[in-house]
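FYI, side chains are in, hydrogens and waters are out, and symmetry mates aren't considered; it's all heavy atoms of this structure. Nothing here was measured: the structure is a model prediction, and the numbers come from that model.
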There are 4 protein chains.
Amino acid sequence: MSPRKKEDNEAIRERRKAHILEVALNLFARVGYESTTISKISNEAKISKGLLYNYFDSKEDLLKSLILDLNKMEEGMMSSVIDDDPQVMLRNIITAFFKTLVEDKDKWKLISALTFQVEKFEFIQDLASQKMLGYHQLFEDLLTRSEIENAKEEAQMLGAIFDGIAFQYLVIHGEYPLNQMKDYLIKKYCSN
Amino acid sequence: MSPRKKEDNEAIRERRKAHILEVALNLFARVGYESTTISKISNEAKISKGLLYNYFDSKEDLLKSLILDLNKMEEGMMSSVIDDDPQVMLRNIITAFFKTLVEDKDKWKLISALTFQVEKFEFIQDLASQKMLGYHQLFEDLLTRSEIENAKEEAQMLGAIFDGIAFQYLVIHGEYPLNQMKDYLIKKYCSN
Amino acid sequence: MSPRKKEDNEAIRERRKAHILEVALNLFARVGYESTTISKISNEAKISKGLLYNYFDSKEDLLKSLILDLNKMEEGMMSSVIDDDPQVMLRNIITAFFKTLVEDKDKWKLISALTFQVEKFEFIQDLASQKMLGYHQLFEDLLTRSEIENAKEEAQMLGAIFDGIAFQYLVIHGEYPLNQMKDYLIKKYCSN
Amino acid sequence: MSPRKKEDNEAIRERRKAHILEVALNLFARVGYESTTISKISNEAKISKGLLYNYFDSKEDLLKSLILDLNKMEEGMMSSVIDDDPQVMLRNIITAFFKTLVEDKDKWKLISALTFQVEKFEFIQDLASQKMLGYHQLFEDLLTRSEIENAKEEAQMLGAIFDGIAFQYLVIHGEYPLNQMKDYLIKKYCSN
DNA sequence: GATGAATGAGATTTCATTCAT
DNA sequence: CATGAATGAAATCTCATTCAT
């Protein structure tokens with residue numbers, strides 16, 4: 001048996017790290033960061049507690065890695081909706097939003113939950129705040145170029161609507177009429 | 001030298017209980033339920049830990065009392081906005097919403113934060129879910145009677161907008177243009 | 001309203017004290033000394049905690065008073081069985097024993113339970129020890145005078161039988177054949 | 001540098017668990033269950049408080065484990081006294097009883113003490129009750145086959161005598177004439 | 001690299017006792 | 001005399017983190 005090559009080891013590390021993050025995200029989202037113990041995470045990930053500390057310095061470090069990871073995912077998503085036509089881009093954004101809402105439910109839940117615990121995780125609050133302002137800018141630009149009236153106010157509205165829909169969907173679960181909402185939003189904002 | 005009157009004791013108890021709930025709400029909202037220790041609460045309330053347990057059976061009982069308290073407050077608020085004219089009532093609701101959002105910021109934060117920890121506080125999730133559906137019904141009724149087009153969809157929208165505005169205001173803090181949003185909402189939904 | 005006379009006050013005190021002791025005995029016997037709280041006692045006795053401390057210096061003092069009280073009761077009982085004829089006296093003792101076992105069940109339970117917690121209540125252990133040796137002496141004397149063979153050994157046996165019956169009766173409750181045991185004991189030891 | 005083997009860990013766990021149970025039994029028997037703190041146990045066992053909770057879920061769980069353990073021991077003992085000749089078997093039982101009484105004094109003390117706290121540890125009371133009835137059956141059978149008169153009553157008597165001797169020995173300690181009692185019992189019940 | 005036994009700081013909770021009224 | 005609100009010491013229990021193997 002020849003020793004594993006260096007790349008293999010790296011790959012194993014990366015895969016394992018991703019697996020831990022996945023398990024942690026699920027638990028954090030379901031029972032909350034504080035109530036999730038390192039033991040639960042390592043059990044669910046089928047590794048030892050000691051090994052987990054080989055990958056992450058602390059529980060807080062694990063959370064930060066998770067957030068950064070999620071952040072990167074989102075940036076990737078946003079880069080895929082760019083389009084020269086503001087109406088098309090708006091439609092892309094709306095579609096992508098509803099898609100990610102369903103697919104990455106845990107992620108949304110976790111970020112939302114953590115956002116409300118300011119003093120402990122100020123950086124998350126800051127991150128979320130930055131994001132919101134960025135989106136408002138973007139929406140205002142797109143709506144202005146779409147020649148929609150009251151573009152500034154409607155951009156604010158649209159931002160609130162996104163967050164509100166996410167909130168309600170995460171609370172009401174299955175019964176929420178996501179598709180109707182999507183169609184109505186597209187009709188309202190992308191048919192000029 | 002006569003023993004304290006029964007009424008006096010009742011009064012003392014009520015005042016203390018209310019005070020503890022106030023302190024707890026503030027801490028829970030700021031640093032989260034799990035991260036808020038009984039010691040911190042009793043310190044801030046300037047009472048001993050032991051006394052706190054004279055008033056509440058457990059930390060969880062304290063939280064539940066708080067939720068029920070907040071629930072009652074909200075019901076009181078909703079009873080004050082009733083009006084025969086749907087347009088007037090809608091305006092009342094919008095005004096009341098923005099008022100409570102500023103005045104009871106901590107309450108909103110706490111409820112929002114707890115709502116995202118399903119497995120631990122399922123009853124809160126259930127409560128919030130009930131509330132949302134109730135508001136949707138109410139909005140649909142008011143918008144229909146106001147002869148606004150797509151009343152059903154717009155009711156959903158309005159519900160989402162309220163929650164979204166709350167979310168963003170709680171995250172962005174002072175910089176959020178609450179008043180502009182209020183005026184715009186009234187203009188959009190109460191000028192038929 | 002004339003002030004209550006001194007004797008009345010004394011009488012009230014004594015009655016109240018007796019009542020507290022009664023309640024305490026019942027609770028101590030049922031759930032144990034350590035698990036019985038002062039609050040439970042005062043609640044059940046329908047007085048305030050403060051007042052209880054007016055009558056007893058501490059929880060331990062309450063227990064000691066109880067033990068001494070029980071001790072006095074027993075001494076009273078023993079003085080009533082004295083008889084010149086050893087056979088008659090033995091019969092009296094056996095009868096009295098079975099009577100007190102049923103009537104003062106709680107007392108027996110408490111004493112038995114406490115007897116097994118040496119280090120905390122050494123004085124009880126000492127008391128019980130004294131009692132046992134005293135009874136052995138008495139039994140040996142009575143059996144010798146009754147001209148029963150192996151009086152010394154049978155006296156030991158009889159002592160053990162009393163304690164054993166008490167033990168089993170307290171554990172098995174209602175189903176224990178107390179009366180049969182009594183008759184058999186009398187037949188065995190009082191028919192020479 | 002290889003990780004500890006699974007078997008090693010198992011062995012460590014078992015040894016530690018047994019050690020903790022031993023220490024706990026000793027303390028429970030000496031100062032009582034309630035008055036024995038987890039700190040005292042862990043100190044005496046020379047481990048941290050935390051580790052104790054790695055092995056037992058709670059103080060009550062520790063007690064239950066202990067009881068079950070003791071129960072198993074007793075069953076083992078009883079299986080070793082079986083004999084076809086009722087007289088031999090009776091003698092075996094008597095001998096075994098006096099042996100365990102001295103060797104497992106703590107066990108007897110603990111069980112006896114707990115038996116008297118009905119409401120808190122009902123399962124112990126039930127267990128003890130079961131045991132007693134079983135022994136009565138067994139004694140009756142053995143005495144009948146030994147053709148001893150009044151076998152039923154004498155079986156009851158014998159059961160009471162065992163418990164009574166245990167009670168007195170545990171209270172009087174060293175001065176109790178155990179050996180005389182044993183010899184006398186054997187003479188009385190095993191010489192037909 | 002991998003394990004999970006072990007630690008220790010700190011959390012929640014209990015309760016005998018005191019004391020202002 | 002009488003009350004029960006209030007205290008504080010100490011109990012039970014939890015869990016992130018370390019470390020011997």
Within residues 39-58 of chain B, the residues having a heavy atom closer than 4.0 Å to DNA chain F are B/I47, B/S48, B/G50, B/L51, B/N54, B/Y55
By nearest-heavy-atom nucleotide on DNA chain E, the more 5' of B/T36 and C/T36 is B/T36
(request) State, yes or no, whether a side-chain contact exists between B/L70 and B/M73 at a heavy-atom distance under 4.5 Å. (result) yes
Rounded to whole Å, CG of A/D61 lies from C1' of F/dT17 at a distance of 13 Å
Comparing B/R16 with A/T37, nearest DNA chain F nucleotide closer to 5' gives the residue B/R16
Between CG of D/L62 and P of F/dA11 the distance, given in whole Å, is 16 Å
### Query
Counting any heavy atom closer than 4.0 Å, what does C/R13 reach on the DNA or RNA strands: base, sugar-phosphate only, or nothing?
sugar-phosphate
When rounded to whole Å, the CD to P distance for the pair D/E60 and F/dA11 reads 18 Å
Tightest non-hydrogen contact, residues C/A24 and C/L66, listed as C-CD2, 4.4 Å
Using a heavy-atom cut-off of 4.0 Å across all strands, would you classify D/I38 as base, sugar-phosphate, or nothing? sugar-phosphate
note: D/L63, atom CG; F/dA11, atom P; distance rounded to Å ~ 18 Å
- Message: For a 4.5 angstrom cut-off between non-hydrogen side-chain atoms, does B/L114 reach B/I67?
- Response: yes
Quiz item: Is the NZ or CZ atom of B/K59 positioned over B/Y33's six-membered ring, under 6.0 angstrom from the centre and within 45° of the axis?
Solution: yes
The Watson-Crick or G-U wobble partner of F/dT14, with both key distances under 3.5 Å, is E/dA9
Here the pair of heavy atoms bringing D/K40 nearest to D/S35 is NZ-O, 2.8 Å
To the nearest angstrom, the CD-P distance between A/E34 and F/dA16 comes to 9 Å
Tested for side chain to side chain contact (heavy atoms under 4.5 Å, CB included) against D/F56, the lone hit among D/L62, D/I41, D/I38 is D/L62
note: B/I12, atom CD1; E/dC19, atom P; distance rounded to Å ~ 18 Å
From NZ of A/K59 across to C1' of F/dC15 the rounded distance in Å is 8 Å
Query raised in the report: Angle class for the C/F116/D/F116 ring planes (parallel below 30°, perpendicular above 60°, tilted otherwise)?
Result: parallel
pair_partner(E/dA20), Watson-Crick or wobble, both distances < 3.5 Å, evaluates to F/dT3
ask   = Which is true for B/S35 with a 4.0 Å heavy-atom rule: it touches a base, it touches only sugar-phosphate, or it touches nothing?
value = nothing
